[in-house]
Amino acid sequence: MTTLTPPPGDTTVRRPGPPSAAAVRRSPRQGGTVLAVPALVWYLVFMVGPLIAIFVVAVLHWPGMLQPVSFAGLGNVRTVLGDPVFRDAVRNTAVQLAVALPVMIVCAYMLGYYVAQKPPGHRVIRYLLFIPGLISTPAKAMVFYAALSPDGLANGALESVGLGSLTDAWLASPSTALACLIALDVWAGIGFTAVLFAARLGSVPDELGEAAQLDGAGHWRTMWLVHFPVIRDYVGVVTMLQFLWTLFGSAQHVLLLTQGGPGSSSTTLSFLVYQKAFIAADLGYSQTVGVVLFLAGLVGLLAIRRAFRQNY
């Protein structure tokens with residue numbers, strides 16, 4: 001403290017000195033911790049809590065919400081692994097991810113690169129690409145149902161050009177039902193993903209592309225050999241998001257269009273969780289599949305992170 005000595009008879013005036021270095025370091029941290037408490041509580045209650053509940057219910061025999069509960073141990077695991085419907089769901093989910101994810105990311109990146117070049121009408125194109133993201137999931141399902149039903153637009157178009165022999169009940173055929181769901185996933189996600197890529201590519205310095213073109217590189221080589229490495233980390237983030245959306249969000253498309261059929265030809269793991277929990281009322285089986293789904297998501301995220309060499 002700095003003390004000023006006044007004339008005799010006056011009171012002593014003290015001016016506060018600068019705060020100590022320890023106080024300066026401690027104050028922002030304490031304030032940040034206090035501000036983060038509500039978010040941490042919310043995360044623990046509504047994120048960690050349900051995650052723990054999945055593993056707890058997976059070892060229980062629970063035939064319905066109001067039914068008595070008993071301990072099943074590994075019985076649910078043996079039941080799930082021995083169920084042919086579960087094996088079909090694993091296969092269908094693997095095919096869905098292996099087809100939809102690469103097609104969506106590659107096409108969205110190419111489309112985003114085109115929009116980032118600011119062609120004539122690029123602002124309108126951005127809005128048009130957002131349209132699938134603005135349509136509700138039931139509306140998207142109705143559009144695909146109208147196009148793929150036996151008397152829908154797809155069969156009508158084939159008959160009009162003399163290809164009536166190729167018509168099919170697309171959503172009711174075991175050989176095409178899953179492909180229709182994959183097409184819906186790609187259509188629903190490609191536009192929004194392309195807009196994200198266009199926004200990120202817009203921040204890449206123009207000098208990079210101009211230098212590449214001066215060296216003789218065309219748009220194709222500039223797109224993949226110059227711009228792609230620059231935003232590689234961002235591509236990894238978007239791939240993770242689309243992977244999670246396809247893995248966990250496919251249940252709603254299956255529910256609205258095929259109900260997992262015919263048979264189990266379009267049943268996915270996320271739909272199997274819903275089906276066993278809310279239709280078959282077998283909560284133990286459902287959450288055992290939920291544990292498999294969680295582990296698959298975790299392994300997939302780590303694989304994508306490693307593939308794109310993320311450092312976060």
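A quick note: this is a predicted structure, and the numbers were derived from the prediction, not measured.
Side chain to side chain, N155 and W170 meet the donor-acceptor criterion of an N or O pair below 3.5 Å. Looking only at atom types and distance, the side chain of S250 has a donor-acceptor partner in the side chain of T268 under 3.5 Å away. Looking only at atom types and distance, the side chain of H253 has a donor-acceptor partner in the side chain of D185 under 3.5 Å away.
Note that SG of C107 and CH2 of W187 are 15.5 Å apart. Values are rounded to the nearest 0.5 Å. From R221, atom CZ reaches atom CG of D215 across 9.5 Å, with rounding to the nearest 0.5 Å. Note that CG of D282 is 11.0 Å distant from CD of Q275, once rounded to the nearest 0.5 Å.
Proximity of M223 to W220: side-chain heavy atoms (C-beta onward) are separated by under 4.5 Å at one or more points. Side-chain contact check for F144 versus L181: every heavy-atom pair is 4.5 Å or farther apart. Under the 4.5 Å side-chain criterion, counting only non-hydrogen atoms from C-beta, I54 is not in contact with F294. You'll find the side chain of V238 reaches within 4.5 Å of the side chain of I105, heavy atoms only.
Residues passing the salt bridge (Lys or Arg N to Asp or Glu O under 4.0 Å) test with R91 are D88, sequence neighbours excluded. Listed by chain and residue number, T193 satisfy the side-chain hydrogen bond (donor to acceptor under 3.5 Å, both in side chains) test with Q242 (two or more places apart in sequence, or in another chain). The side-chain hydrogen bond (donor to acceptor under 3.5 Å, both in side chains) search around S175 returns S173, not counting sequence neighbours.
Separation of the F197 and Y113 ring centroids does not fall under the 6.0 Å cut-off.
When all heavy atoms of L171 and T258 are compared, the pair lying nearest together is O-CG2, 3.9 Å. Taking all atoms of both residues into account, the shortest heavy-atom contact from V291 to A58 is CG2-CB, 4.0 Å.
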